[in-house]
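A short write-up of the structure that comes next.
All values reported here derive from a predicted model rather than from experimental measurement.
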Amino acid sequence: GGMYYKKYDIEAVKFIGKVADKVFSPNTVNAIRSALPEVLAGKSTIREIQYKGSYFLNTFQPIYENTGIVNNFILVAEDIT
């Protein structure tokens, strides 16, 4: 929610719908990219990622086209610090 935007000095408009490497550090981007082969193969996957001194449980869920092909994904990050 909004309290995390303030805690991590992030404005939602600066990252929602943006390419990760334009928003996050290279280490964070590499951790996200490590999940992509599984997600694009249609598997939900979870990664733990450190960001600004906190740990986040990141759940990646594939999004399918009508043809059954994965064309995108949703990422939900939960602070588990």
Side-chain angles (χ1 to χ4, degrees):
M3 69 182 215
Y4 289 105
Y5 299 147
K6 290 178 186 176
K7 180 178 179 180
Y8 298 106
D9 193 28
I10 297 175
E11 292 180 43
V13 297
K14 291 184 179 179
F15 73 91
I16 293 175
K18 304 290 191 284
V19 178
D21 62 358
K22 301 293 182 195
V23 180
F24 299 109
S25 72
N27 287 339
T28 300
V29 171
N30 289 336
I32 292 169
R33 284 189 177 144
S34 75
L36 294 183
E38 291 175 58
V39 175
L40 295 176
K43 299 176 185 173
S44 295
T45 189
I46 296 173
R47 294 286 191 278
E48 189 174 301
I49 298 175
Q50 185 178 10
Y51 179 73
K52 292 189 175 185
S54 295
Y55 290 88
F56 292 84
L57 192 64
N58 291 266
T59 304
F60 298 79
Q61 182 68 39
I63 299 174
Y64 295 88
E65 293 181 1
N66 292 339
T67 60
I69 296 172
V70 176
N71 69 347
N72 219 324
F73 66 93
I74 294 173
L75 167 59
V76 176
E78 178 184 2
D79 188 344
I80 58 170
T81 305

From [X] [atom1] over to [Y] [atom2], what is the distance, rounded to the nearest 0.5 angstrom?
X     : Y     : atom1 : atom2 : result
Leu57 : Ile46 : CG    : CD1   : 5.5 Å
Ile69 : Tyr64 : CD1   : OH    : 11.5 Å
Asn27 : Ile32 : CG    : CD1   : 11.0 Å
Thr81 : Phe56 : OG1   : CZ    : 6.0 Å

So Phe24 and Tyr51, would you call those rings parallel, tilted or perpendicular, with 30° and 60° as cut-offs? perpendicular
Give the C-alpha distance, both sets of side-chain angles, the deciding distance and a yes or no for side-chain contact (heavy atoms from CB on, under 4.5 Å) between Val76 and Glu78. CA-CA 7 Å; Val76 176; Glu78 178 184 2; 5.7 Å; no
Heavy-atom neighbours of Lys18 NZ exceed 12 at 6.0 Å: yes
Identified side-chain contact (heavy atoms from CB on, under 4.5 Å) counterpart of Thr28 within the set Ile49, Asn58, Asp21: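 It is Ile49, the one option of Ile49, Asn58, Asp21 that forms the side-chain contact (heavy atoms from CB on, under 4.5 Å) with Thr28.
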Given Phe60, which partner from the list Leu40, Ile74, Val39 fulfils the side-chain contact (heavy atoms from CB on, under 4.5 Å) test?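 Exactly one option meets the side-chain contact (heavy atoms from CB on, under 4.5 Å) with Phe60, and it is Val39.
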